Amino acid sequence: EGKTGVFLADTSAMKALFIPVACGIIEGDICEILNPPLSGYVVTLGQHLLEDGNGIRLPENVKEKNT
């Protein structure tokens with residue numbers, strides 16, 4: 001929808017959550033995130049296929065860290 005943002009992995013619900021962000025310096029395909037502060041896992045593979053609330057699968061080593 002033309003918004004700039006990232007998908008965070010909601011590891012308890014196993015869903016991708018779209019978080020709108022404000023960018024600072026942009027160099028090529030790298031963007032400095034000014035706001036909001038982010039914590040957790042950011043989806044970095046297949047994000048172009050996602051919509052807010054879509055179900056996701058996580059690698060086994062990520063699942064182990066969250067239990």
Side-chain angles (χ1 to χ4, degrees):
E1 296 179 6
K3 296 179 184 176
T4 301
V6 297
F7 284 98
L8 288 183
D10 179 340
T11 57
S12 59
M14 297 302 290
K15 295 188 182 287
L17 303 175
F18 182 78
I19 308 296
V21 298
C23 291
I25 298 170
I26 299 174
E27 187 172 312
D29 59 354
I30 299 173
C31 169
E32 172 191 26
I33 305 295
L34 297 177
N35 285 307
L38 300 173
S39 65
Y41 293 102
V42 175
V43 177
T44 59
L45 183 62
Q47 69 276 13
H48 61 287
L49 302 172
L50 289 175
E51 292 183 16
D52 190 37
N54 280 154
I56 56 173
R57 291 185 299 167
L58 299 173
E60 289 300 316
N61 61 337
V62 171
K63 291 178 189 175
E64 291 169 5
K65 290 179 184 178
N66 291 306
T67 55

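Every value quoted in this text rests on a predicted model; they were computed, and no experiment measured them. Numbers for residues simply follow the sequence, beginning at 1.
Heavy atoms from other residues, nucleotides or ligands lying under 6.0 Å from CG of Leu49 number more than 12.
Residues satisfying the side-chain hydrogen bond (donor to acceptor under 3.5 Å, both in side chains) test with Asn54, not counting sequence neighbours, are none.
Residues Pro36 and Pro20 approach most closely at CD-O, 3.3 Å, considering heavy atoms. Between Leu58 and Ala9, the shortest heavy-atom contact is CD2-CB, 4.2 Å.
A 4.5 Å side-chain heavy-atom check between Val43 and Leu8 finds every atom pair outside the cut-off. When side chains are defined from C-beta on, Val21 does not count as touching Asn35, because their heavy atoms never get closer than 4.5 Å.
The structure places CD1 of Ile33 at 4.5 Å from SG of Cys23, a figure rounded to the nearest 0.5 Å. Asp10 CG to Ile56 CD1: the interatomic distance, rounded to the nearest 0.5 Å, is 7.5 Å.
The ring-ring contact (aromatic ring centres under 6.0 Å, His included) pairs that include a residue from residues 8-40 are Phe7-Phe18, where partners are two or more places apart or lie in different chains.
Following chains of ILVMFWY side-chain contacts shorter than 4.5 Å, one can reach Met14 starting from Tyr41, so the two form part of one hydrophobic cluster.
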